[in-house]
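One structure below.
Below, chains carry the letters A, B, ... as their sequence lines are ordered, and counting in each starts from 1.
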Number of protein chains: 2
Amino acid sequence: MRDDDQIPLPDFDLDGFTPYRLAVAAKRTSEELARMYRARFGITIPEWRVLVHLAHSGEVSVRDIEARVALEKYEVSRTAKRLEESGLIAKRGNDRDRRLVSLSLTPKGRAMMAELLPLAKAHQVELERRLGETFAQLEAGLERLLSENGASDGD
Amino acid sequence: MRDDDQIPLPDFDLDGFTPYRLAVAAKRTSEELARMYRARFGITIPEWRVLVHLAHSGEVSVRDIEARVALEKYEVSRTAKRLEESGLIAKRGNDRDRRLVSLSLTPKGRAMMAELLPLAKAHQVELERRLGETFAQLEAGLERLLSENGASDGD
DNA sequence: TTGACATCATTGCAACTGCAACGTTTTATC
DNA sequence: GATAAAACGTTGCAGTTGCAATGATGTCAA
């Protein structure tokens, strides 16, 4: 065998691989935001998602949140536990169906969201401004990806 | 105080929040791929990234990889450790600069990549087909996001 | 009513992650 | 050269994650 007797590999450009590009873009975008959440409010992204849903929907169960904020059931459960410990949400049993746990914002959580949501909105506006006309293109692509199997399975 | 005397919250639609949309789209896309990697080759996404870079670049250091595949230094280090343990890559010291560790594919790793890379390419083609004309739009958006601060800081 | 099955939420465990600190080696400054 | 500073890679630790299993409750059919 000669020394260069190696299996030849096809060229592959990771930078042109869409799943990779998406992952990197998402990570950057999320981390930018996560820094703000953490620095100003001391919350993580899963916490932010749950809080947003509660702000929007009032009192809901873990199950209700799961599907709506793209978190697994156990993530919601643990996130809710942390949020309760930091006093931002309240958990209580549901009398109709005692398997359910009702989650809702506490006044403290509500006050925080009253401050946070406008910032998030402003961030979105700023993002759209920064992307300019490519924003609509990005959205078209995301829409296509997200609608592909949005309801097909629980994952 | 009346019972409904609550701080009013602005409406906020998580589903329309671009960072969230990106995160969900990236997660779905990545997981689809991760399933294939894991099922057929038993590797994770960080492992896949390191392997791709080695397939492309031959022999490189941890530092070289770090920037190119969007992983932190310690992630590359631990990923390399695992890949070495599973016999897919080899690690050895660099004589010129003994701080460096040279990573390279083993024949076994090379053989795996020879099988994996065509599948990844096919996946990309399939993705482009599925997205149709929105693919170009998505790419335009991603390009904008990724070029914004790609070299500005190491993060 | 009872028993089998489904649903909801939680948790034990092992693996993984992020951060900061570390040891080693090289580079820069005097 | 000697000392300080920087670069490279690794690792200890505490916290987090994902999976599968669990317990508790509800639903349905006989």
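Of all the residues in residues 45-64 of chain A, not one reaches under 4.0 Å from DNA chain D with any non-hydrogen atom. Near-neighbour residues of DNA chain C inside residues 81-93 of chain A, defined by a heavy atom below 4.0 Å, number-ordered: A/Lys91.
Residues satisfying the salt bridge (charged side-chain N to carboxylate O under 4.0 Å, His left out) criterion with B/Arg38, sequence neighbours excluded, are absent altogether. When the salt bridge (charged side-chain N to carboxylate O under 4.0 Å, His left out) test is applied to A/Asp15, the partners found at least two apart in sequence or on another chain are B/Arg68. Residues that satisfy the side chain to side chain contact (heavy atoms under 4.5 Å, CB included) test with A/Ala67, not counting sequence neighbours, are absent from this structure. For B/Arg82, the salt bridge (charged side-chain N to carboxylate O under 4.0 Å, His left out) test picks out no residue, with sequence neighbours left out. In this view, A/Lys81 and A/Glu85 satisfy the side chain to side chain contact (heavy atoms under 4.5 Å, CB included) rule, not counting sequence neighbours. For the side chain to side chain contact (heavy atoms under 4.5 Å, CB included) test, residues two or more places apart in sequence or in another chain that qualify with B/Leu100 are B/Ser61, B/Asn94, B/Asp97. By the salt bridge (charged side-chain N to carboxylate O under 4.0 Å, His left out) test, B/Arg129 pairs with B/Glu126, sequence neighbours left out. Judged as a side chain to side chain contact (heavy atoms under 4.5 Å, CB included), and not counting sequence neighbours, A/Ser77 has no contacts.
Contact between A/Ala55 and A/Leu117 at its shortest, heavy atoms only, is CB-CD1, 4.2 Å. The two residues A/Glu72 and A/Glu66 come nearest to each other via the heavy atoms C-CG, 4.1 Å. In this structure, B/Arg144 and A/Arg130 approach most closely via the heavy-atom pair NH2-O, 2.9 Å.
If you take CG of A/Leu100 and P of C/dA9, they are 5 Å apart, rounded to a whole angstrom. A straight line from CD1 of A/Ile65 to P of C/dT10 spans 10 Å, rounded to a whole angstrom.
The neighbour count for A/His123 NE2, taken as heavy atoms of other residues, nucleotides or ligands under 6.0 Å away, is above 12.
When only modelled atom types and interatomic distance are considered, B/Gln137 and B/Glu133 share no side-chain donor-acceptor pair under 3.5 Å.
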Every protein N/O within reach of nucleotides 18-22 of chain C N/O, cut-off under 3.5 Å:
unit_1: C/dG18; atom_1: OP2; unit_2: B/Tyr74; atom_2: OH; d: 3.2
unit_1: C/dG18; atom_1: OP2; unit_2: B/Glu75; atom_2: OE2; d: 3.4
unit_1: C/dG18; atom_1: O5'; unit_2: B/Tyr74; atom_2: OH; d: 3.2
unit_1: C/dG18; atom_1: N7; unit_2: B/Arg78; atom_2: NH2; d: 2.9
unit_1: C/dG18; atom_1: O6; unit_2: B/Arg78; atom_2: NH1; d: 3.4
unit_1: C/dG18; atom_1: O6; unit_2: B/Arg78; atom_2: NH2; d: 2.6

Atom pairs, protein N/O to nucleotides 24-28 of chain D N/O, distance under 3.5 Å:
unit_1: D/dG26; atom_1: OP1; unit_2: A/Arg98; atom_2: N; d: 2.7
unit_1: D/dG26; atom_1: O4'; unit_2: A/Arg99; atom_2: NE; d: 3.4

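The phosphate of D/dT10 has OP1 or OP2 within less than 4.0 Å of a side-chain N or O from B/Ser77.
For A/Thr44 and B/Val76, each mapped to the nucleotide of DNA chain D holding its nearest heavy atom, the one lying further toward the 5' end belongs to B/Val76.
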